[in-house]
Each structure stands twice: as structure tokens, then as C-alpha cells.
Amino acid sequence: MTRGAFLRCVMQVFCVAALGLGTPVGAQTRIVGMVVSSGSETARADQVLQSLTALDAEILQASDPSNAQLRAMMRRFAQEASQADAAIVFLDMPAVTVGDRLFALPRDTRLTRASDIFTQAVPLRAFARMTVLAERGGAVILSVGTPPEDLSPDMNAATTAPAPLGGVSEILVVPALAAGGVLDIFARETTGPRVDLSTVLARMAAVPGATLSGTPAAPIILRAPKALPPVVLPQVVAGPEATPPASTEELAVLEQSLSPPVRRDLQRALRAQRHYKRLIDGIMGVQTRAAIRGFQETRTEADTGLLTPRQLLELLAQG
């Protein structure tokens with residue numbers, strides 16, 4: 001590909017982006033999910049991941065994180081939740097109560113002294129404060145594992161949800177041994193044409209052993225049927241068919257020149273085609289690269305992980 005032809009392709013990409021063709025049209029619900037499991041048991045977390053994927057949620061996941069890793073993950077999730085319509089946190093972890101407060105226990109937590117709870121554990125309220133940042137709110141679901149045996153005398157294994165508290169979302173607590181029924185309801189209810197998290201929480205709380213901190217003040221609609229008008233896509237203008245393909249270096253330069261909003265639009269387009277299932281963050285990382293390869297494989301084109309100008313144009317035009 002000549003330098004002039006390559007630059008013309010680049011300009012086409014920028015024109016499409018400038019016209020806003022890569023921005024989704026309509027009030028599509030953005031759901032973010034956080035799934036954390038502790039120990040080697042991941043079946044419950046995997047089931048929740050499938051349910052959140054059915055809702056087209058953008059998911060952050062961690063398996064057996066340390067305290068520092070979990071808190072770093074929480075900071076990122078809080079930012080994403082503040083820009084989302086709804087937020088859901090699922091924790092499959094040991095938890096304890098101190099007075100009327102619940103604390104989740106990350107990997108290698110040792111609670112031999114009362115003061116350890118404040119340095120090694122994470123309050124459930126902290127997770128509930130993150131989910132309430134979303135425009136419609138959200139919820140925290142805690143599947144309680146077995147806590148350490150050497151607990152301080154003023155600590156007890158968590159068994160029930162806390163009392164309602166202002167400024168946080170609802171918290172559903174269920175022992176791990178009884179979590180199967182709760183998660184089955186969550187999986188079933190998230191496949192329907194209309195999903196109201198408030199209703200789902202009430203049905204999950206009816207499972208023996210499960211308790212809910214309160215009832216959401218308003219419906220939390222995660223999915224609702226909507227008739228969409230027909231969309232006329234712009235015709236993509238390609239260069240001469242005889243033009244040689246751009247080199248890997250040229251495609252890398254093209255990708256680096258894309259602004260963060262355009263990169264997020266590309267992720268949305270890849271997600272709409274079921275290639276990308278993580279956060280829409282504009283970062284061209286491992287997950288985005290794998291999604292690009294998946295997109296290229298469906299077109300029987302070279303799976304380089306770098307989009308050609310024509311592929312960029314087509315994805316942006318599908319917004």
C-alpha cells in the first residue's frame with residue numbers, strides 16, 4: 001500500500017469517527033459486573049459470569065485476590081459503576097460479622113486480634129457503595145464461605161444480610177451450601193425479555209437460607225423490550241482492489257492514532273458481535289486483541305489482531 005493510499009484510508013476512519021457513526025444509538029443499558037471468588041472453588045462464580053454475560057454486562061473478575069488486589073479492583077470498578085446504568089457485585093468469599101457490620105475476607109486474612117478486621121478485611125458496605133453509584137443502582141450478592149478458625153472472640157461467621165442503611169445498595173447474603181438455588185434463579189431470570197433486578201432479588205431472597213438487606217426504592221431495569229427503527233448504514237468506500245495490504249507497522253500506527261472514544265466505539269462494535277465481553281475502557285489490551293482476532297476469523301481474513309483500515313471503517317459504521 002502506498003503512503004498516499006494508506007493516509008486516505010486513515011482519513012476515512014477519522015471521518016466516520018467524527019460523524020459519530022461509531023457511537024451506539026438509543027438508550028442501551030450499560031451494566032457492569034464484578035465477580036470475585038476465594039479459594040479453588042469457582043463453579044458459583046462461573047455460573048454468575050454466564051448470567052452476567054447473558055445480560056451483556058461488562059465484567060471485572062478476580063480469583064482468590066489478596067487484600068491489595070481486591071481493593072485495586074474495587075477502585076477501578078467504582079469508576080466504571082459511576083458511568084453505568086446498573087452495577088452488580090458477586091462475592092464468593094468467607095465473611096464475618098463484627099457488631100452489625102459484615103466484612104469479606106480476601107486471601108491470607110488472619111484475624112487473631114480485633115483490630116485486624118480493619119486492615120485485612122473489606123466491609124460489605126464498601127461494595128454496596130460502589131453499586132449505588134450506577135444511575136439505576138445495583139446490588140451485592142454474597143455467597144458466604146467458611147471463615148478462618150482462629151477468629152477473634154468478638155467476630156462471628158456471617159449468616160444474614162445487614163440491616164438497611166442509607167447511601168448503599170441492597171445486599172443479599174446466602175451460605176455457600178445454599179447458594180445453588182439463589183444462582184439458579186438469577187440465571188433463569190436474566191434470560192427473559194424484561195429483567196428487573198428488584199424483582200430478581202426478591203425471588204432470590206425467598207430461597208431458604210438467603211436474606212436481603214432491603215427492597216430497592218425503585219425498579220432497577222436491566223433489560224426491557226424495545227422496538228428499534230431500521231438503521232441505514234453508510235456505504236464503506238474501499239481503496240482500489242489491487243492495492244497491496246498495509247504492513248503490520250502501518251496498522252500499528254493507525255491503531256495508535258485512534259482517540260480513546262474511537263477505541264471504545266470499536267470495543268462496543270466488537271461486543272455487539274459477541275467477540276468482546278469485558279469493560280469498555282478504550283484500552284487495546286489482551287482481551288481487545290483477542291476480540292479483533294475473533295472478528296477477523298469470522299471473515300476468513302488474517303487474524304493479526306490489528307484492524308485494517310477497511311475493517312475499522314466497517315466496525316465503526318456498525319455502531
Undergrad: Got a donor-acceptor contact below 3.5 angstrom from the Arg107 side chain to the Asp64 backbone?
TA: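 Between the backbone of Asp64 and the side chain of Arg107 there is a qualifying donor-acceptor contact (under 3.5 Å).
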Undergrad: Which residues pass the side chain to side chain donor-acceptor pair (under 3.5 Å) test with Thr199, sequence neighbours left out?
TA: Asp196
Undergrad: Using the test side-chain contact (heavy atoms from CB on, under 4.5 Å), find all partners of Gln311 that sit at least two apart in sequence or belong to another chain.
TA: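 Gln311: side-chain contact (heavy atoms from CB on, under 4.5 Å) contacts with Phe295, Gln296, Arg299, Glu301, Leu307, Thr308.
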Undergrad: Would Ile292 end up clustered with Val286 when hydrophobic side chains under 4.5 Å apart are linked, directly or stepwise?
TA: no
Undergrad: Would you list the pairs meeting salt bridge (Lys or Arg N to Asp or Glu O under 4.0 Å) in which at least one residue belongs to residues 163-174, sequence neighbours left out?
TA: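 Salt bridge (Lys or Arg N to Asp or Glu O under 4.0 Å) check on residues 163-174 returns no pairs.
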Undergrad: Please list all pairs passing the salt bridge (Lys or Arg N to Asp or Glu O under 4.0 Å) test where one or both residues lie in residues 282-291, with sequence neighbours left out.
TA: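 Qualifying pairs, neighbours excluded: Glu255-Arg289.
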Undergrad: Do Ile185 and Val207 come close enough that some side-chain heavy atom pair is under 4.5 Å?
TA: yes
Undergrad: Is there a path of hydrophobic side-chain contacts, each under 4.5 Å between heavy atoms of I, L, V, M, F, W or Y residues, that connects Val200 with Val182?
TA: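 In one cluster: yes.
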Undergrad: Under 4.5 Å between any side-chain heavy atoms of Leu266 and Leu258, yes or no?
TA: yes
Undergrad: Which atom pair, heavy atoms only, marks the closest approach of Leu172 to Ala210?
TA: CD2-CB, 4.5 Å
Undergrad: So if you build clusters from Ile, Leu, Val, Met, Phe, Trp, Tyr with side-chain heavy-atom gaps below 4.5 Å, do Val132 and Leu201 land together?
TA: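 In one cluster: no.
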Undergrad: With rounding to the nearest 0.5 angstrom, report the OG to CD distance, Ser66 to Gln120.
TA: 11.5 Å
Undergrad: Not counting sequence neighbours, list each pair that qualifies as a salt bridge (Lys or Arg N to Asp or Glu O under 4.0 Å) and has a residue in residues 31-45.
TA: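 Only Arg44-Asp92 qualify under salt bridge (Lys or Arg N to Asp or Glu O under 4.0 Å).
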Undergrad: Gln61: what forms a side chain to side chain donor-acceptor pair (under 3.5 Å) with it, not counting sequence neighbours?
TA: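 Listed in chain order: nothing, the list is empty.
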Undergrad: Look at the side chain of Arg263 and the backbone N and O of Ile283, then say whether any donor-acceptor pair between them is shorter than 3.5 Å.
TA: no
Undergrad: Does Thr304 use its side chain to pair, donor to acceptor, with the backbone of Leu306 at less than 3.5 Å?
TA: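 Flag set: sc Thr304 to bb Leu306 pair under 3.5 Å.
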Undergrad: So Thr109 and Asn67, do their side chains get closer than 4.5 Å, heavy atoms only?
TA: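 They are not in side-chain contact.
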Undergrad: Sequence neighbours excluded, which residues qualify as side chain to side chain donor-acceptor pair (under 3.5 Å) partners of Arg203?
TA: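 For Arg203, the residues satisfying side chain to side chain donor-acceptor pair (under 3.5 Å) (neighbours in sequence not counted) are Glu189.
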Undergrad: Check the pair Arg30, Glu135 against salt bridge (charged side-chain N to carboxylate O under 4.0 Å, His left out), reporting the backbone distance first and the verdict last.
TA: CA-CA 10 Å; Arg30 186 191 183 213; Glu135 183 176 346; over 6 Å; no
Undergrad: Could you measure the distance from the CZ atom of Phe90 to the CZ atom of Phe186? Nearest 0.5 Å is fine.
TA: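 Spacing of CZ (Phe90) from CZ (Phe186) equals 9.5 Å.
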Undergrad: Scan side-chain atoms only and decide if Arg136 and Thr29 contain a donor-acceptor pair under the 3.5 Å cut-off.
TA: yes
Undergrad: Side chains of residues 154-165: which donor-acceptor partners sit under 3.5 Å, not counting sequence neighbours?
TA:
residue	atom	partner	partner atom	Å
Asp154	OD1	Ser152	OG	2.8

Undergrad: So which atom in Thr42 and which in Ser63 form the shortest heavy-atom distance, rounded to 0.1 Å?
TA: CG2-OG, 4.2 Å
Undergrad: Would Leu111 and Leu105 count as a side-chain contact (heavy atoms from CB on, under 4.5 Å) here? Give the steps.
TA: CA-CA 9 Å; Leu111 302 176; Leu105 309 184; 3.7 Å; yes
Undergrad: For Arg110, enumerate each residue passing the salt bridge (charged side-chain N to carboxylate O under 4.0 Å, His left out) test, keeping only those at least two apart in sequence or located in another chain.
TA: none
Undergrad: Give a yes or no on whether the backbone of Ala218 and the side-chain of Ser198 come within a donor-acceptor separation of less than 3.5 Å.
TA: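 Between the backbone of Ala218 and the side chain of Ser198 there is a qualifying donor-acceptor contact (under 3.5 Å).
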Undergrad: When rounded to the nearest 0.5 angstrom, what distance separates CZ in Arg194 from CG in Leu222?
TA: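 Rounded to the nearest 0.5 Å, the CZ-CG separation comes to 10.0 Å.
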Undergrad: Taking only residues two or more places apart in sequence or in another chain, which ones pass side chain to side chain donor-acceptor pair (under 3.5 Å) with Glu297?
TA: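 With sequence neighbours excluded, Glu297 shows a side chain to side chain donor-acceptor pair (under 3.5 Å) to no residue whatsoever.
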Undergrad: Clusters formed by hydrophobic residues whose side-chain heavy atoms approach within less than 4.5 Å: which one holds Leu177, and what are its other members?
TA: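 Once heavy-atom contacts under 4.5 Å are chained together, Leu177 still belongs with nothing else.
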Undergrad: Is a side-chain donor or acceptor of Gln287 paired with a backbone partner of Tyr276 at a separation under 3.5 angstrom?
TA: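 Answer holds: no.
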Undergrad: Measuring from Asp281:CG to Gln83:CD, what's the distance to the nearest 0.5 Å?
TA: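 Asp281 atom CG to Gln83 atom CD measures 10.5 Å (nearest 0.5 Å).
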Undergrad: Check Glu58 with Lys277, please: is the shortest side-chain N to carboxylate O separation under 4.0 Å?
TA: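 Salt bridge absent between Lys277 and Glu58.
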Undergrad: Who else is in Val32's hydrophobic cluster (ILVMFWY, side-chain heavy atoms under 4.5 Å, direct or via others)?
TA: Met34, Val36, Leu60, Leu70, Met73, Met74, Phe77, Val89, Leu91, Met93, Leu102, Val122, Leu124, Phe127, Met130, Val140, Leu142, Val144, Ile171, Val173, Leu279
Undergrad: Return the CZ to OG1 distance between Arg274 and Thr53, rounded to the nearest 0.5 Å.
TA: 9.0 Å
Undergrad: Can you tell me how far the CD atom of Gln50 sits from the CG atom of Leu55, to the nearest 0.5 Å?
TA: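 Those atoms lie 12.5 Å apart.
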Undergrad: Can you find a pair of side-chain heavy atoms, one from Gln79 and one from Leu133, that are under 4.5 Å apart?
TA: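 Result no, sub-4.5 Å side-chain heavy-atom pair not found.
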